[in-house]
There are 2 protein chains.
Amino acid sequence: MAMETSTRPDTHAPSAEGEMLVPAMFQNLIGYHLRVAQETSFQAFARAAGKADLKPGWYSLLTVLAERESMTPSELSRICGRDRSTLTSSLKALSHRGLIERRPNPDDQRSYSVRLTENGRGMQKQLHAIAVVYDRRLDEIAGKDKAVLIAVLGRIAATFGMPQDC
Amino acid sequence: MAMETSTRPDTHAPSAEGEMLVPAMFQNLIGYHLRVAQETSFQAFARAAGKADLKPGWYSLLTVLAERESMTPSELSRICGRDRSTLTSSLKALSHRGLIERRPNPDDQRSYSVRLTENGRGMQKQLHAIAVVYDRRLDEIAGKDKAVLIAVLGRIAATFGMPQDC
DNA sequence: GCAAGGTAATTTGATATCAAACTATCTTGC
DNA sequence: GCAAGATAGTTTGATATCAAATTACCTTGC
């Protein structure tokens, strides 16, 4: 079936049973392959991070914060593509653990801004290191097709990532 | 930067604000683009399905069942890549709504098999129709790169989708 | 200046998910 | 046969997510 698995075709029983044979109806659906690839690779990252007692879900939050002096929850929500109500609890946890700090916005009593603490920056760096390791494997897998892959994925995100309707 | 966006560079204000500008640190990470592309495109499908009062999460379950006379929950779990405990509640809901039926396995009292009912088959067809519509847009976006895309995604899934360790 | 409507964050409620503990049953070794 | 261990499914507990409702504050039109 083409697709040379390349690495060790016989050690530690890699074939076996579980390999998740693709249902025929999904065979030709990009969405299916996209989903499976994303889920499996993210779970690998999450397992590695979890083993080091790091919360994989915090990675993007911390990273986005690492690139800006400070942001409001709503800005973070837009950039990370998570609902504001989701961020409420994440930010509560991050702040509880001293990874971020909040400070009131003097111009708007409803709002506040968050920024990384030193600890938060440290955790971001650790998570980023793990992410980079996993992404190197993705690089190898993509090989010469990396640029095409990223371009296509970018177009998908741009097309479907619009506000609501279309 | 190569990657001719091709389609309408100016109509209906595509730039605007919300476009989720990619954080610099993620720019070169395949995993990031993979995640965003998957999430946005799946959400589009889920919204469309939800509007028709169909549960998008049931799609893969029903589709897998549509291709086999019957299966046990454990087999479904392996094929769909969901934990067995997750399936317990899904199957309860599906069966509650008359979309599947369970029948005891005479050879093993612990187990049972599930199969689609006529209604279940109908719902699968409706969901599949919606999925196909969305996938046609993915096809357009991928264009000539579709084969490469699917191949790379397949390799990613195969690499990371192994049992546990490596 | 004040009422009407908009916006920021939170709370609440629903769903999906996994992992670990549990129950019931089956299989194996002896 | 029967005890020990494996397996099928479920339950329980934790987390992540969204959507809708809520509260507090801001902005605008007049």
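Chain letters run A, B, ... following the sequence lines, proteins first and then strands; every chain starts at 1.
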Take Glu39(B) and Arg82(A) through the test salt bridge (charged side-chain N to carboxylate O under 4.0 Å, His left out) and record every step on the way to the result. CA-CA 11 Å; Glu39(B) 285 182 351; Arg82(A) 302 273 160 256; 2.7 Å; yes
Among [options], find the nucleotide with the atom closest to the side chain of [X].
X	options	answer
Arg102(B)	dC26(D), dT10(D), dT10(C)	dT10(D)
Lys92(B)	dA20(D), dT15(D), dT11(D)	dT11(D)
Lys55(A)	dC18(C), dT15(D), dG9(D)	dT15(D)
Ser89(A)	dA9(C), dC26(C), dT17(D)	dT17(D)
Asp83(B)	dA19(C), dT17(C), dT11(D)	dA19(C)
Ser85(A)	dC25(D), dT10(D), dT11(C)	dT11(C)

How close do Ala142(B) and Leu149(B) get, heavy atom to heavy atom, and via which atoms? CB-CD2, 4.2 Å
Over all atoms of both residues, closest heavy-atom pair of Ser77(A) and Leu87(A): N-CD1, 3.3 Å
By a strict heavy-atom criterion of less than 4.0 Å, which residues belonging to residues 57-73 of chain A are in contact with DNA chain D? none
Interatomic distance, [X] [atom1] vs [N] [atom2] [rounded to whole Å]:
X	N	atom1	atom2	answer
Gln38(B)	dA16(C)	CD	C1'	14 Å
Gln109(B)	dT10(D)	CD	C1'	17 Å
Gln43(A)	dA16(C)	CD	P	17 Å
Arg47(B)	dA20(D)	CZ	P	12 Å
Arg82(B)	dG9(D)	CZ	P	18 Å
Asp108(A)	dT27(D)	CG	P	7 Å
Glu39(A)	dA16(D)	CD	C1'	14 Å
Leu94(B)	dT15(C)	CG	P	13 Å

What contact category does [X] fall into here, base, sugar-phosphate, or nothing, at under 4.0 angstrom with non-hydrogen atoms?
X	value
Thr86(A)	base
Thr88(A)	base
Ser111(A)	sugar-phosphate

How about Thr117(B) and Asn119(B): does a side-chain donor come under 3.5 Å of a side-chain acceptor? no
Any donor-acceptor N or O pair under 3.5 Å, side chains Thr63(B), Gln124(B): yes
Please confirm whether Phe45(B) and Phe160(A) have ring centers closer than 6.0 angstrom. no
Pull out every protein N or O sitting under 3.5 Å from an N or O of nucleotides 4-7 of chain C, one pair per line with the distance.
{"unit_1": "dG6(C)", "atom_1": "N2", "unit_2": "Arg110(A)", "atom_2": "NH1", "d": "3.0"}
{"unit_1": "dT7(C)", "atom_1": "O2", "unit_2": "Arg110(A)", "atom_2": "NH1", "d": "2.4"}

Under 4.0 Å between a side-chain N/O of Ser90(B) and OP1 or OP2 of dA16(C), yes or no? no
Is any side-chain nitrogen or oxygen of Tyr112(A) closer than 4.0 Å to OP1 or OP2 of dC25(D)? no
When you look at CD of Gln27(B), are more than 12 heavy atoms from neighbouring residues, nucleotides or ligands closer to it than 6.0 Å? yes
Does Met123(A) share a hydrophobic cluster with Ile130(A), counting links as ILVMFWY side-chain heavy atoms below 4.5 Å and allowing steps through other members? yes
Spell out, yes or no, whether Ile150(B) and Val148(A) are grouped together once hydrophobic residues are joined by side-chain heavy atoms under 4.5 Å, including indirect joins. yes
The residue, Pro106(B) or Leu87(A), whose nearest nucleotide of DNA chain C is more 5′ is Leu87(A)
Taking Arg84(B) first and then Glu75(B), would you say they form a salt bridge - that is, a charged N and a carboxylate O separated by under 4.0 Å? no
Report for the helix from dG1(C)-dC30(D) to dC30(C)-dG1(D): angle between first-end and last-end helix axes, five pairs each, rounded to 10 degrees. 20°
When you match Leu91(B) and Asp107(A) each to their closest nucleotide on DNA chain D, which lands nearer the 5' end? Leu91(B)
With a cut-off of under 6.0 Å to the ring centre and 45° to the axis, is Arg35(B) in cation-pi contact with Phe42(A)? yes
Residue pair Asn105(B) / Thr72(B), side-chain heavy-atom distance below 4.5 Å: no
Students often mix this up, so state it plainly: with edges at 30° and 60°, are the rings of Tyr32(A) and Phe26(A) parallel, tilted or perpendicular? parallel
